[in-house]
Number of protein chains: 2
Amino acid sequence: MEKRNYVECTKVLLPLRDALDVISGKWKLPILIAINHGNKRFREIERSIPKITTKVLAKELKDLEEHKLIKRTVYDSSPVLIEYSTLPYAGTLDKVVEELVDWGINHRKQVLGK
Amino acid sequence: MEKRNYVECTKVLLPLRDALDVISGKWKLPILIAINHGNKRFREIERSIPKITTKVLAKELKDLEEHKLIKRTVYDSSPVLIEYSTLPYAGTLDKVVEELVDWGINHRKQVLGK
DNA sequence: AATGCTGATTACTTATAGGTAACTGATATA
DNA sequence: TATATCAGTTACCTATAAGTAATCAGCATT
């Protein structure tokens, strides 16, 4: 018989960590949202997210592509046109985002004092 | 008439940013979960979260207290006993956490390959 | 010919999150 | 008396996130 002087909760902590690894950071969810709102081009996304920089956007777009959340399409026009779009898998984050946004709206009202 | 060459989405981005400011980082949600599972004492919480350090735990507990998500109770026994517990406001994060955990479970299966 | 837009990349710097390890004073146990 | 536990604090260091600013080639506009 071991004495366990705490309550085990790793079964919840591990998947939570997995999720946070993908979506945490300042920019990933904002970028997904910007694309979902219809911003497809690099500069459109950049302009739609206040304070983001070119460098950070480029890096985060790569991360999101690697995580299979968005895809990058190159149209062989002249000049070449590049479009970003969310993949179906990104849709699985919709409820998470929705909950976060609702929580943020309420938090601003209740705690940050409007 | 202004030409707007991107789609506005700050109405969503601002509350999302507010929410991420409170819960993002590696440790805040894990700590809330550990407390919700019944770990009340400092060392219990510490032991229930793999890899967390004393220093980080102390700092994050202060942050969570400031954000009105937990409270710290000092029992004037001998020796003094300190207990952390979640405040009702922390319950408003339950759905967010639930969605994140579910997403993490699925992500591990689908993308990380079990 | 000069300027500006596209989708970026690069080098450099700063800020912040987090990790390491030692240590505290009060109390309790062996 | 020695050791351990409790709830932390402190100083120092490192790794990563993010910001600043310049630059790129290709093309279009003025």
Side-chain angles (χ1 to χ4, degrees), chain A residues 2-7 13 16-17 20-32 34-35 38-67 70-85, chain B residues 2-7 13 16-17 20-32 34-35 38-67 70-85:
Chain A
E2 319 163 31
K3 186 180 168 193
R4 183 184 283 143
N5 42 11
Y6 63 95
V7 183
L13 296 184
L16 177 73
R17 173 64 39 86
L20 289 178
D21 283 348
V22 175
I23 65 149
S24 81
K26 221 171 160 181
W27 302 113
K28 292 197 179 65
L29 291 182
I31 291 168
L32 284 178
I35 297 175
N39 298 291
K40 293 169 177 303
R41 315 276 302 274
F42 191 92
R43 296 295 178 201
E44 285 173 8
I45 300 168
E46 191 177 16
R47 281 188 292 258
S48 69
I49 304 173
K51 311 263 181 180
I52 201 169
T53 62
T54 327
K55 193 197 99 177
V56 168
L57 179 56
K59 185 225 162 209
E60 299 286 301
L61 285 171
K62 277 181 196 156
D63 285 2
L64 291 169
E65 219 188 327
E66 274 170 25
H67 282 113
I70 62 170
K71 76 166 191 285
R72 182 178 180 276
T73 311
V74 183
Y75 291 100
D76 203 8
S77 51
S78 172
V80 277
L81 173 72
I82 285 148
E83 276 191 5
Y84 291 93
S85 53
Chain B
E2 317 165 31
K3 185 181 167 195
R4 183 183 282 143
N5 43 9
Y6 63 95
V7 183
L13 296 184
L16 177 75
R17 173 62 40 86
L20 289 178
D21 283 349
V22 176
I23 65 149
S24 82
K26 219 171 158 180
W27 303 112
K28 291 196 180 64
L29 290 183
I31 292 168
L32 284 177
I35 297 175
N39 297 292
K40 295 169 177 299
R41 313 277 300 274
F42 190 92
R43 297 294 179 203
E44 285 174 10
I45 300 167
E46 191 176 17
R47 283 189 291 260
S48 69
I49 304 173
K51 311 263 182 178
I52 201 168
T53 62
T54 325
K55 192 197 99 178
V56 168
L57 179 57
K59 186 227 162 209
E60 299 287 300
L61 285 170
K62 278 179 196 157
D63 286 1
L64 290 169
E65 219 187 326
E66 274 170 26
H67 282 112
I70 62 170
K71 77 165 190 286
R72 181 177 180 274
T73 311
V74 183
Y75 291 100
D76 204 6
S77 50
S78 173
V80 279
L81 174 72
I82 286 151
E83 275 192 6
Y84 291 93
S85 52

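Since the structure is predicted, the reported quantities are computational estimates derived from the model, not experimental observations. Each chain gets a letter, A, B and so on, in the order its sequence line appears, and its residues count up from 1.
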Can you tell me the distance, in whole Å, between the NZ atom of B:Lys28 and the P atom of C:dT16? 14 Å
Would you say C:dT6 has OP1 or OP2 under 4.0 Å from some side-chain N or O of A:Tyr75? no
Rounding to an integer number of Å, can you tell me how far B:Lys26 NZ sits from C:dT16 C1'? 14 Å
Round to a whole Å and report the spacing from CD of B:Glu60 to C1' of C:dA17. 9 Å
Rounded to the nearest angstrom, tell me the gap between atom CG in A:Asp63 and atom C1' in D:dA17. 11 Å
Once you round it to whole Å, what is the distance between P of D:dG19 and NZ of A:Lys59? 11 Å
Rounding to a whole Å, what distance do you find between A:Asp76:CG and D:dC27:C1'? 14 Å
Within this structure, what is the CD1-NZ distance for the pair B:Ile49 and B:Lys26, rounded to the nearest 0.5 Å? 12.0 Å
Any idea which of C:dT6, D:dA28, C:dG18 is nearest the B:Trp27 side chain? C:dG18
By the definition side-chain hydrogen bond (donor to acceptor under 3.5 Å, both in side chains), identify the one residue from A:Arg41, A:Arg47, A:Glu44 that meets it with B:Asn5. A:Arg47
Checking D:dA18, D:dG8, D:dA28 against the side chain of A:Ser78 (C-beta onward), the nearest is D:dA28
Any A:Tyr84 side-chain nitrogen or oxygen under 4.0 Å from OP1 or OP2 of C:dA8: yes
N or O in side chain of B:Arg47 less than 4.0 angstrom from D:dT5 OP1/OP2: no
Nearest whole angstrom, please: distance from the P of C:dT20 to the CD of B:Glu46. 13 Å
Side chain of B:Arg41 (C-beta onward), nearest among C:dA28, D:dC6, D:dT9: D:dC6
Considering just the side-chain nitrogens and oxygens of B:Lys62, establish if one lies under 4.0 Å of OP1 or OP2 belonging to D:dT9. yes
Take the protein atom CZ of A:Arg17 and the nucleotide atom C1' of C:dG18, then report the distance between them rounded to whole Å. 12 Å
Any B:Arg72 side-chain nitrogen or oxygen under 4.0 Å from OP1 or OP2 of D:dG8: yes
Spacing of CG belonging to A:Leu32 relative to CG belonging to A:Leu64, to within rounding of 0.5 Å: 5.0 Å
So which of B:Ile70, B:Asn39, B:Leu61, B:Asp63 actually passes side-chain contact (heavy atoms from CB on, under 4.5 Å) with B:Ile31? B:Leu61
Mind checking the CD1-OH spacing from B:Ile45 to B:Tyr84? Nearest 0.5 Å is all I need. 7.0 Å
Using a 4.0 Å heavy-atom cut-off across all strands, classify A:Lys55 as base, sugar-phosphate, or nothing. base
Just to confirm, is there a sub-4.0 Å distance from OP1 or OP2 of D:dA17 to any side-chain nitrogen or oxygen of A:Thr53? no
